[in-house]
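Take a look at the structure set out below.
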Amino acid sequence: DAKTTQPPSMDCAEGRAANLPCNHSTISGNEYVYWYRQIHSQGPQYIIHGLKNNETNEMASLIITEDRKSSTLILPHATLRDTAVYYCIVLGNQFYFGTGTSLTVIP
Amino acid sequence: GAGVSQSPSNKVTEKGKDVELRCDPISGHTALYWYRQSLGQGLEFLIYFQGNSAPDKSGLPSDRFSAERTGGSVSTLTIQRTQQEDSAVYLCASSWGPGWSGELFFGEGSRLTVL
């Protein structure tokens with residue numbers, strides 16, 4: 001299963017876009033990139049996933065580079081409720097979560 | 001039920017005792033995962049069940065940990081002779097299984113405290 005690398009922490013001003021990077025240089029051609037987030041004391045929550053093309057839903061956008069070795073999760077207008085740990089996962093046989101990026105949205 | 005259900009939500013036990021944690025996945029989901037999350041840490045994979053296939057136990061930290069899934073539905077994670085380092089939130093998740101490229105659904109977790 002491909003490993004992912006994320007910065008341990010980031011800050012973002014409220015109302016601004018939050019751009020969370022993820023490196024997955026060993027990703028295979030049929031492995032999806034998933035993003036989850038975990039708000040304190042809750043179970044992880046699904047955000048978005050993609051294979052090759054950029055994806056957008058009501059929560060976020062996912063930008064995957066052409067070589068698929070990295071991706072960026074974009075929260076277009078961050079709110080205080082978006083403060084959470086964000087996990088980037090490459091789905092091989094199982095969902096392996098790393099330590100994620102702790103995003104703090106600042107008022 | 002509508003979601004993944006875990007019980008108990010909180011369990012306090014004494015060192016050396018055995019504990020059982022239960023997970024009731026979403027009906028029809030063939031894939032079931034157990035994770036452990038220690039305070040301030042990320043999710044640690046423990047075990048993965050997929051249908052009738054042999055489970056992937058590669059994440060179990062020691063032979064004190066075991067899990068079973070009866071009838072392809074409910075799963076029980078058993079920790080024997082608990083140690084203080086076993087204190088964590090144990091999370092269960094389920095999904096539709098291989099070929100499914102969508103969401104993994106999580107329960108709210110079972111918080112285990114070993115005194």
Side-chain angles (χ1 to χ4, degrees), chain A residues 1-9 20 22 27-53 55 57-60 62 64 68 71 73 83-104, chain B residues 2-7 9-10 21 23-26 29-51 53-60 67 88-111 113:
Chain A
D1 294 289
K3 302 294 185 184
T4 61
T5 304
Q6 299 177 252
S9 64
L20 292 93
C22 179
I27 193 170
S28 298
N30 61 348
E31 291 179 327
Y32 282 79
V33 178
Y34 282 75
W35 284 83
Y36 279 77
R37 73 179 182 185
Q38 187 175 28
I39 298 170
H40 182 61
S41 297
Q42 298 182 17
Q45 174 191 23
Y46 167 84
I47 301 173
I48 199 167
H49 74 283
L51 183 62
K52 296 180 181 178
N53 300 321
E55 302 287 346
N57 63 20
E58 65 277 5
M59 290 183 66
L62 174 61
I64 302 174
R68 304 211 324 122
S71 61
L73 178 75
T83 292
V85 177
Y86 288 77
Y87 295 98
C88 169
I89 302 149
V90 171
L91 177 59
N93 293 320
Q94 301 92 12
F95 284 86
Y96 281 98
F97 288 73
T99 54
T101 296
S102 178
L103 175 69
T104 302
Chain B
V4 177
S5 177
Q6 291 188 247
S7 62
S9 55
N10 279 285
L21 306 176
C23 173
D24 202 339
I26 292 172
H29 281 189
T30 61
L32 187 147
Y33 301 77
W34 282 99
Y35 293 89
R36 176 171 72 173
Q37 189 170 35
S38 301
L39 187 63
Q41 302 299 311
L43 276 72
E44 176 188 4
F45 167 77
L46 297 178
I47 189 169
Y48 163 58
F49 294 91
Q50 174 49 55
S53 302
D56 179 348
K57 304 179 181 179
S58 60
L60 295 178
V89 176
Y90 289 81
L91 289 159
C92 176
S94 71
S95 74
W96 289 104
W100 168 247
S101 60
E103 185 173 350
L104 190 64
F105 296 83
F106 278 87
E108 290 301 312
S110 293
R111 180 176 299 277
T113 302

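The chains referred to below are lettered A, B, ... by the order of the sequence lines, with proteins before strands, and numbering in each begins at 1.
Residue contact with chain B, scored on non-hydrogen atoms closer than 4.5 Å, is absent for A/Gln45. Heavy atoms of B/Leu91 lying under 4.5 Å from chain A belong exclusively to its side chain. The contact between B/Gln37 and chain A is made entirely by side chain atoms (from C-beta outward), counting heavy-atom distances below 4.5 Å.
Of the possible polar contacts, one joining the A/Gln6 side chain to the A/Tyr86 backbone as a donor-acceptor pair under 3.5 Å is found. B/Ser94 places no side-chain N or O within donor-acceptor distance of the main-chain N or O of B/His29, the cut-off being under 3.5 Å.
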Test side chain to side chain donor-acceptor pair (under 3.5 Å) applied to B/Thr30 and B/Gln50, step by step: CA-CA 6 Å; B/Thr30 61; B/Gln50 174 49 55; 3.0 Å; yes
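Between B/Phe106 and A/Phe97, the ring centre distance stays below 6.0 Å.
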